[in-house]
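See structure below.
Reckoned from all heavy atoms, side chains included, excluding hydrogens, waters and symmetry mates. Throughout, protein chains are lettered first and strands after them, A, B, ... in sequence-line order, and every chain is numbered starting at 1.
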Amino acid sequence: MAHYDTIIIGAGHNSLVCANYLALKKKNVLVVEAAEVCGGLGARHEFHDGFHASVAHQASHFPQKIIRDLRLAEHGLSLSGDHKACIGLNRDGDHVILQGNKVSGVPDNEVDAYKRYHRLMKRYADMLAPFWLKTVPPIGNNSLPEMMAFAELGLRIRLLGKEDMREFFRMITLPVYDLMDEYFSHPLLKSLLGWDALIGTKQAPRSPNNSVLQLLYRMAGDSHVTLDVPTLIDALQRAAVSRGVDIRTNSRVCDIVVEQNSETVKATGVRLESGEVVTAEQVVSSADPKMTFLKLLGAEHLEIEFTNRITRIRDDGLVSKLHLALNDQPSFSGLSSPAGRLFIAPNLEMIECAFDHAKYGESPVDPVMEITIPTLENPGLAPEGQHVLSAHVMYTPRKHKSEWDESARAELTTKIIDAIEVYAPGIRSLIVGQELLTPVDLESRFNTSGGHWHHGDFALDQLLMMRPTHGAAQYSTPISGLYLCGAGTHPAGDITGMPGHNAAREILS
Amino acid sequence: MIVTMTNADFSTEKPRPSHFQPRLDERNIHDAWSSWNGYKLAEYYFEAEYEYFCIRNTCGTYDICPMQKYLISGPDAEKMLNRMVTRDVTKMRNNRVSYVLWCTDEGRLIDDGTIFRLADDSFLLTCGSPSTAWLKKSSLGFDNVTINDRSDELAALSLQGPTSCAVLKRMGLKGIEQAKPFTIHHFDFFGDSLMVSRTGFTGGLGYELWIKAELALELWDAVYEAGADYGIHPFGEQATNMARLEAGFIMPGYEFNEALKTVHFEHDQTPFELNLDWMVDFKKPHFNGRAALLEESRRGPRYTLTKLDIEGNKPAEGAFIYDSQDCSRHIGYVTSGMWSPVVKANIALAMIETPYLKGELWAEINYEKELRHYSKIARCSVKEEPFWAPDYAKVTPPRDY
């Protein structure tokens with residue numbers, strides 16, 4: 001019977017990053033994946049004859065360190081290209097365009113405000129950036145190196161200087177609405193800048209908490225290139241295989257196998273759907289914490305309060321995904337090319353309204369969304385000359401009143417296409433196929449509890465040494481030999497590979 | 001809304017009647033009531049000492065309607081309970097009762113109680129305090145288990161004492177004398193099922209009778225009719241407390257403070273501190289608090305609940321324990337103490353800092369005599385064996401009367 005040093009559950013990008021790091025240290029690694037292909041939410045799938053898309057459609061802050069460490073360029077990751085422009089679509093064609101630290105399409109005073117805003121936010125983002133790649137120590141009974149990690153964070157905050165530090169503490173818990181109000185008056189610019197503070201979590205512009213922290217997380221990219229996700233997955237997979245990692249797809253894990261010894265409960269392997277048991281010294285799960293602890297492991301092996309904390313993780317997915325197969329390149333009024341991230345969110349109030357409906361289990365009356373045309377960079381996703389439109393749509397609650405019956409899906413699809421057509425007249429006539437993935441679909445197809453991208457909201461109480469909860473926030477778990485490496489761990493979701501990177505370091509230590 | 005003293009409504013605070021209340025009212029000649037979980041409960045009916053002697057010499061009944069009773073059932077019931085309590089539930093056969101403890105993640109005692117295994121997938125958990133919240137929390141992650149609070153629908157009467165078996169036989173419970181300790185039996189009663197378990201909280205021979213609330217008075221009358229020639233008498237909380245102390249059983253509010261109700265850090269207790277090592281099974285599958293308890297079992301408990309025989313006859317309730325006659329170092333406190341008529345000794349349970357158990361133990365007993373307060377320092381000796389554990393309590397069939 002095969003025996004591995006490490007088995008990794010799931011072949012999402014975090015698993016592949018983790019597997020690569022372990023393989024670099026000569027570990028014998030098996031990755032087991034329920035789906036047919038690697039990539040998880042980043043995997044490309046054919047949604048219409050010859051048309052492919054991935055749920056996660058871009059990676060804007062994937063760290064250069066991981067790209068370098070894993071030599072991903074040698075495995076087919078193209079680093080050419082640019083950081084994608086963010087374009088706030090305007091009905092009259094007067095779009096707001098953000099490119100790095102430059103903004104256009106707004107009055108001069110807004111340009112100046114943006115400079116001030118960007119300087120400060122970038123400063124904070126850079127200050128925090130190193131901590132996304134560190135393990136956050138638990139609170140209490142800390143070792144000296146752990147104390148040093150806290151000290152370093154403290155020092156870096158202190159080095160911001162008195163004014164910026166004071167502003168930092170004030171700003172990170174602001175509702176993003178207030179932050180935008182303080183700097184800007186242009187409605188489209190506000191919603192464009194606020195988007196990354198909100199997407200993927202159960203927070204609206206006016207929700208107090210820490211959406212600004214999420215924004216800083218997303219601004220932390222030292223990669224100035226927006227990566228195409230399927231290409232990144234391919235590179236990670238090729239790199240892993242070349243380093244001797246075994247990958248088994250179509251292999252759903254039913255249970256994490258444990259052994260109770262006199263000391264503790266120890267993970268010894270996994271049981272596959274086929275009944276086959278594969279053993280290893282360590283089991284690493286990239287599944288979300290609820291799935292890992294409650295479904296794959298079982299509450300009977302865990303403490304009661306710990307289990308309670310896991311069940312309390314907020315993971316209600318609110319983002320749906322629409323894929324359109326287009327027989328030609330769509331044209332948006334006032335844009336020479338639809339390259340970049342296109343936003344339909346005229347103002348923050350409209351985003352807030354969409355959230356209000358979602359709170360009560362309804363679809364938004366006016367959906368807000370982020371659109372990309374991935375085929376512009378990766379033409380292989382569609383037949384020659386044809387295109388894919390990929391849209392993240394907020395806020396569409398998992399717990400929908402209709403339980404997402406056919407009519408609710410059809411209604412939402414129509415609304416989304418109607419909204420796009422306002423900015424891209426005639427796009428409807430290009431559609432040859434379509435796919436709507438609600439959070440319910442994301443949950444069942446991609447095995448993520450709640451259909452939540454990030455395996456748990458990016459919220460102050462679910463971050464840092466509290467992600468996913470204390471007792472499992474340093475990648476190890478109460479079960480000896482069982483580790484977490486998914487988006488449910490520090491720092492969080494998106495296509496960053498950082499949880500996988502950090503988990504590998506802890507597993508090897 | 002502003003509540004003032006003039007319009008405050010405290011009526012909901014009034015203790016509810018027990019299912020046996022009409023009979024209890026007739027018997028409680030002093031109207032000496034306290035309450036337990038919102039139910040009216042007798043402190044004593046006639047006099048605590050008299051009732052205590054009934055328990056030891058004839059028999060008595062104790063109203064345990066206020067005890068919490070949870071029916072826990074479903075395919076995951078065994079797994080869920082086994083993860084909650086420190087003993088191995090999987091080893092329990094059907095129609096058996098087991099005394100159990102459950103702890104927090106940190107290994108601090110939440111409560112003790114008994115599990116009645118009614119079937120493979122059905123258990124009755126009884127305990128002193130409402131535990132719905134903890135049971136619900138303990139069932140998170142188990143999809144196939146239901147928790148049904150039966151506290152108000154089930155009436156229960158504890159019948160304790162040497163003649164208790166004879167009373168049940170007279171009542172017509174055929175074969176009850178064959179019931180072994182910690183077993184459950186069912187009898188037809190007024191067209192319903194009367195559950196009888198050979199259990200109790202007095203250390204002597206005894207049974208607990210469980211019936212649906214609607215038949216409570218019929219049960220009471222049948223028991224008292226059968227018990228007329230066997231010295232039957234109801235007993236209250238005070239006699240219970242005397243009997244259980246002789247038996248060495250712990251009580252919340254005396255020996256331990258329930259962990260979920262403890263505010264001060266480690267003012268609660270662990271099973272090891274309560275000298276209940278035998279209740280913690282490290283060989284069974286994982287259970288809550290295991291890691292913390294394992295560590296404690298290696299380190300040794302900070303305190304140890306100790307049985308003391310104290311010189312003299314002044315009950316040592318609330319006494320401080322010192323390591324020398326001059327009381328130089330305070331090392332513990334008495335949790336319960338009494339002059340025991342059956343043991344004929346001044347007995348006590350005391351929480352004592354474990355390292356000092358090897359040395360001398362002295363109790364500073366404060367007592368009152370006609371408004372004058374006195375203090376005496378009495379030598380204590382540690383008792384390893386139970387204060388009182390008569391053979392007749394365990395024999396099957398029990399001695400007939």
Side-chain angles (χ1 to χ4, degrees), chain A residues 138-141 254-268 283 285 287-315 443 449-450 456 466 468-474 476-482 488, chain B residues 72 74-86 88-90 100-111 131-145 147 259-260 262 265 268 280-299:
Chain A
I139 291 174
N141 300 323
C254 292
D255 296 300
I256 294 167
V257 179
V258 295
E259 199 177 271
Q260 163 125 20
N261 57 31
S262 58
E263 291 298 311
T264 179
V265 181
K266 185 183 182 325
T268 59
V283 176
S285 175
D288 64 83
K290 276 188 191 168
M291 176 87 68
T292 302
F293 289 117
L294 305 181
K295 296 274 183 289
L296 301 179
L297 179 68
E300 67 266 32
H301 303 300
L302 296 164
E303 304 294 61
I304 289 168
E305 293 287 6
F306 179 85
T307 309
N308 180 42
R309 296 200 299 273
I310 295 295
T311 62
R312 302 299 304 169
I313 293 172
R314 293 192 307 285
D315 61 359
E443 177 165 27
S449 301
M466 291 166 293
T469 182
H470 64 88
Q474 286 75 37
S476 61
T477 70
I479 305 299
S480 161
L482 176 65
Chain B
I72 297 166
D76 285 342
E78 184 190 71
K79 235 200 284 187
M80 175 244 153
L81 280 172
N82 207 33
R83 186 279 217 110
M84 189 177 100
V85 304
T86 58
D88 196 343
V89 177
T90 64
V100 293
L101 308 175
W102 51 98
C103 296
T104 62
D105 291 17
E106 294 77 29
R108 317 298 299 184
L109 183 65
I110 293 173
D111 207 351
S131 304
T132 310
W134 186 251
L135 286 170
K136 282 210 169 138
K137 218 177 231 188
S138 304
S139 69
L140 292 172
F142 298 92
D143 298 334
N144 292 305
V145 60
I147 295 161
L260 300 180
T262 302
F265 181 65
D268 44 16
V280 181
D281 184 355
F282 288 119
K283 293 199 177 82
K284 67 171 266 191
H286 177 77
F287 57 91
N288 212 52
R290 187 182 190 275
L293 289 169
L294 191 63
E295 199 191 318
E296 192 194 8
S297 77
R298 288 181 181 147
R299 195 184 58 221

- Item | Side chain proximity check, A:Glu300 to B:Asn82, heavy atoms < 4.5 angstrom |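 No, every pair of side-chain atoms sits at 4.5 Å or beyond.
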
If every non-hydrogen atom of [X] is compared with every non-hydrogen atom of [Y], which pair is closest and at what distance?
X: A:Ala299; Y: B:Gly141; value: CB-CA, 4.0 Å
X: B:Lys137; Y: A:Glu305; value: NZ-OE1, 3.0 Å
X: B:His286; Y: A:Val265; value: CB-CG2, 4.0 Å
X: A:Thr264; Y: B:Arg290; value: N-NH1, 3.9 Å
X: B:Leu140; Y: A:Thr311; value: CD1-OG1, 3.5 Å

Using 0.5 Å steps for rounding, measure from the [atom1] atom of [X] to the [atom2] atom of [Y].
X: A:Leu294; Y: B:Phe142; atom1: CG; atom2: CZ; result: 9.5 Å
X: B:Phe287; Y: A:His301; atom1: CZ; atom2: NE2; result: 14.5 Å
X: B:Asp105; Y: A:Leu302; atom1: CG; atom2: CG; result: 9.5 Å

- Query: Given that the side chain runs from C-beta out, which part of B:Met80 has a heavy atom under 4.5 Å from chain A: side chain, backbone, both or neither?
  - Reply: neither

- When the 4.5 angstrom heavy-atom criterion is applied to B:Lys284 and chain A, the contacting part is backbone

- Message: Looking at A:Ile304, is its backbone amide N or carbonyl O close enough to the side chain of B:Asn288 to form a donor-acceptor pair, meaning the two atoms are under 3.5 Å apart?
- Response: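 Yes, B:Asn288 side chain to A:Ile304 backbone: donor-acceptor pair under 3.5 Å.
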
- Item | salt bridge (Lys or Arg N to Asp or Glu O under 4.0 Å) against A:Glu443, all qualifying residues, sequence neighbours excluded |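 Residues passing salt bridge (Lys or Arg N to Asp or Glu O under 4.0 Å) with A:Glu443: A:Arg398.
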
- Message: Could you work out, with salt bridge (Lys or Arg N to Asp or Glu O under 4.0 Å) as the rule, every residue matching A:Glu263, not counting sequence neighbours?
- Response: B:Arg298

- Query: Is it true that atom CG of A:Asn261 has more than 12 heavy atoms of other residues, nucleotides or ligands lying nearer than 6.0 Å?
  - Reply: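 Enclosed.
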
